[in-house]
Amino acid sequence: MIKKDSMIKKIGLVSLSSGIIGEDYVKHEVDLGLQRLSDLGVDVKILPNAQKGMDYLREHPEKRADDLIQAFEDESIDMILCAIGGEDTYRLTPYLFEEDRLKNALRQKVFLGFSDSTINHLMLHKLGVKTFYGQSFLADVCELESEMLPYSKKYFEELIQTGTISEIRPSEVWYEERTDFSEAALFTLRKPHRNRGFELLQGAENFSGEILGGCLESLFYFFDDQRYADSAEVLNRYKIFPTLEDWRGKILLLETSEERPTPEKFEKMLLSLKNYGIFEVINGIIVGKPMDEEYYEEFKKVLIRVIDDPKLPILYNVSVGHSTPRAIVPLGVMAEVDAKEQVIRFV
């Protein structure tokens, strides 16, 4: 029975990373996504700066931060939906944390995004807000097929209708990624492949804990400054990365981006987490399917070798993150993993 007061009635659409939804060449995608939200009975408020384009938002991280503040302050908005990921949302940090701007604006409401939005999830986690990881407006709601991908749509509609996610089971298929997002690609089909289901690489079949984490490349920003010289300094100045005590007893969520890191880069990023000490305090790891299953087998070997603790459970090939289709994972909610039954339940 769905409680009417749990339903999402109004979405605030924000561009906290890339400003791509303001570009003319994605207008056909944006229009399609807005129509789908309307068909679901949801009103949409596009925050003032969300469609000002890539160049403007690249130069004005403070405007992106302003939109997030406004989205939280607007009591009519039930859910904040990230337009897409990107690579520099860390630059919002001073504009959100100086003078407690974000803390003072917070209302408990649904926040959904993935990829670079991992940093935003950790910002909100620091302030005690539970969020949802795994989909975005452009990547999922604006899917170019005639409908959202069925598996993705199932979880998005559950979130819209109930304000939560009850459980995740494997998708029966996965899809090859698109290379053409032009208007000519409207209503063209993706190529599906049979999915293998969740794979338990090691450890107990049943484990539990609150899930925390996200895109591995984004987590690497806290430890490496090769892409942006100030990323690690900015994020660590405001203590955005959870302490080891905060990680204790949690389940680490990891997934890799469209950059498709090599096994060597994958290992380097995992080692940064290992050196921090995360693998010594968590209860288990959930790993998303790599895009197009590239390095699928190699990543499994790297995970086992780097973690080097056969008792730590690793659940692999979960449909979350950059590979399509995508589930939605509640962060900060107790999760119970049953690898044998092929289900992750949220209490």
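The residues of the chain are indexed from 1 along the displayed sequence.
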Chi angles and distances behind the salt bridge (Lys or Arg N to Asp or Glu O under 4.0 Å) call for Glu87, Arg58: CA-CA 10 Å; Glu87 60 180 17; Arg58 185 183 302 113; over 6 Å; no
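- One distance of note links CE of Met54 with CD1 of Ile84; it measures 10.0 Å at 0.5 Å rounding.
- Centroid-to-centroid, the aromatic rings of Tyr276 and Phe241 come within less than 6.0 Å.
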Step-by-step side-chain contact (heavy atoms from CB on, under 4.5 Å) determination, Asn206 to Val337: CA-CA 5 Å; Asn206 298 89; Val337 178; over 6 Å; no
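- In this structure, Asp78 contributes its side chain and Lys10 its backbone to a donor-acceptor pair below 3.5 Å.
- The pair Arg107-Glu73 does not meet the salt-bridge criterion, since no charged nitrogen lies less than 4.0 angstrom from a carboxylate oxygen.
- Listed here is the closest heavy atom pair of Gly85 and Ser17: O-CB, 3.1 Å.
- Looking at Lys300 and Glu297, a side-chain N of the basic residue comes within less than 4.0 Å of a carboxylate O on the acidic one, giving a salt bridge.
- Proximity of a side-chain donor or acceptor of Ser117 to a complementary backbone N or O of Asn120 within less than 3.5 Å is not detected.
- The ring pair (Phe, Tyr, Trp, His ring centres under 6.0 Å) contacts involving residues 35-56 comprise Tyr56-His60, where partners must be two or more places apart or lie in separate chains.
- Looking at Ser231 and Phe223, their side chains never come closer than 4.5 Å, going by heavy atoms from C-beta outward.
- In this structure, Gln226 places its CD atom where only 12 or fewer heavy-atom neighbours from other residues, nucleotides or ligands lie under 6.0 Å away.
- Atom OG1 of residue Thr256 and atom CE of residue Met291 lie 9.0 Å apart, to the nearest 0.5 angstrom.
- With hydrogens and angles ignored, the 3.5 Å screen pairs a side-chain donor or acceptor of Thr262 with a backbone N or O of Lys265.
- If you take CG on Leu315 and CD1 on Ile286, they are separated by 6.0 Å, rounding to the nearest 0.5 Å.
- In this structure, Glu210 CD and Leu331 CG are separated by 9.5 Å, a value rounded to the nearest 0.5 Å.
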side-chain hydrogen bond (donor to acceptor under 3.5 Å, both in side chains) between Arg178 and Thr324, worked out: CA-CA 10 Å; Arg178 291 185 179 275; Thr324 47; over 6 Å; no
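- Among the candidates Glu143, Glu147, Glu158, the single residue satisfying the salt bridge (Lys or Arg N to Asp or Glu O under 4.0 Å) test with Lys153 is Glu147.
- Applying the 4.5 Å side-chain rule to ILVMFWY residues, one finds Val347 in the same cluster as Met334.
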Worked verdict on Glu336 versus Ser208 for side-chain hydrogen bond (donor to acceptor under 3.5 Å, both in side chains): CA-CA 4 Å; Glu336 297 177 347; Ser208 62; 5.9 Å; no
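- Checked against ring-ring contact (aromatic ring centres under 6.0 Å, His included), Tyr90 has the following partners two or more places apart in sequence or in another chain: Tyr228.
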Working for salt bridge (Lys or Arg N to Asp or Glu O under 4.0 Å), residues Arg237 and Asp230: CA-CA 10 Å; Arg237 185 196 321 161; Asp230 63 340; over 6 Å; no
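- Under the 4.0 Å criterion applied to side-chain N and carboxylate O atoms, Arg101 and Asp66 are assigned as salt-bridge partners.
- Between Asp140 and Arg326 a salt bridge is recorded (basic side-chain N to carboxylate O distance below 4.0 Å).
- Contact check for Lys289 versus Asn195: side-chain heavy atoms found under the 4.5 Å cut-off.
- Asp338 contributes a side-chain N or O that, together with a main-chain N or O of Glu341, makes up a donor-acceptor pair within less than 3.5 Å.
- For Asp67 (side chain) and Val14 (main-chain N/O), no donor-acceptor pair under 3.5 Å exists by modelled atom type.
- Distance check: Leu47 CG to Arg64 CZ gives 14.0 Å after rounding to the nearest 0.5 Å.
- Across all their heavy atoms, Phe181 and Leu144 have their closest contact at CA-CD1, 3.7 Å.
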Check against side-chain contact (heavy atoms from CB on, under 4.5 Å), Phe137 and Cys142: CA-CA 6 Å; Phe137 175 67; Cys142 302; 3.4 Å; yes
Worked verdict on Leu96 versus Tyr238 for side-chain contact (heavy atoms from CB on, under 4.5 Å): CA-CA 10 Å; Leu96 294 172; Tyr238 294 94; over 6 Å; no
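- Here the shortest heavy-atom pairing between Lys239 and Lys126 reads O-NZ, 3.3 Å.
- Taking OH from Tyr221 and CD1 from Ile240, the interatomic distance works out to 15.5 Å, rounded to the nearest 0.5 Å.
- Remark: the backbone N or O of Asp100 is paired with a side-chain donor or acceptor of Asn104 at under 3.5 angstrom.
- Contact check on Lys52 versus Glu23 returns no salt bridge, with no Lys/Arg side-chain nitrogen under 4.0 Å from an Asp/Glu carboxylate oxygen.
- At a threshold of 4.0 Å, the pair Lys27-Asp24 does not count as salt-bridged, since none of the basic side-chain nitrogens sits closer than that to a carboxylate oxygen.
- Sorted by first and then second residue, the ring pair (Phe, Tyr, Trp, His ring centres under 6.0 Å) pairs with a member in residues 297-319 read Phe266-Phe299, Tyr295-Phe299, Tyr296-Tyr316; sequence neighbours excluded.
- The main-chain N or O of Ala50 is found under 3.5 Å from a side-chain atom of Ser15 such that the two form a donor-acceptor pair.
- Contacts of Asp292 classified as side-chain hydrogen bond (donor to acceptor under 3.5 Å, both in side chains), with partners at least two apart in sequence or in another chain: Arg260.
- Checked against the 6.0 Å centroid threshold, His121 and Phe114 do not count as a close aromatic pair.
- Between the side chain of Thr118 and the main chain of Ser115, a donor-acceptor pair closer than 3.5 Å is present.
- Side-chain contact between Val30 and Gln51: present, with at least one pair of heavy atoms (C-beta onward) separated by less than 4.5 Å.
- The minimum heavy-atom distance linking Ala335 with Ile344 is given by the pair CB-CG2, 4.2 Å.
- Shown here for Arg36 and Val141, the closest heavy-atom pair between the two residues is NH1-O, 2.8 Å.
- Under the 4.5 Å side-chain criterion, counting only non-hydrogen atoms from C-beta, Leu273 is in contact with Leu252.
- A donor-acceptor contact closer than 3.5 angstrom links the side chains of Tyr133 and Glu255.
- The nearest pair of heavy atoms linking His28 to Ser182 is NE2-C, 3.2 Å.
- For the pair Ile165 and Arg345, the minimum side-chain heavy-atom distance is 4.5 Å or more.
- Aromatic ring centres of Phe132 and Phe111 lie farther apart than the 6.0 Å criterion allows.
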Validation: residues 302-311 side-chain donor-acceptor distances under 3.5 Å, sequence neighbours left out:
unit_1: Arg305; atom_1: NH2; unit_2: Glu267; atom_2: OE1; d: 2.7
unit_1: Asp309; atom_1: OD1; unit_2: Lys311; atom_2: N; d: 3.2

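- When atom types are taken as modelled, the side chain of Lys9 and the backbone of Val42 share no donor-acceptor pair closer than 3.5 angstrom.
- The closest side-chain heavy-atom distance from Ile211 to Val333 is not below 4.5 Å.
- The backbone N or O of Pro170 lies less than 3.5 Å from no partner atom in the side chain of Gln342, so there is not a single donor-acceptor pair.
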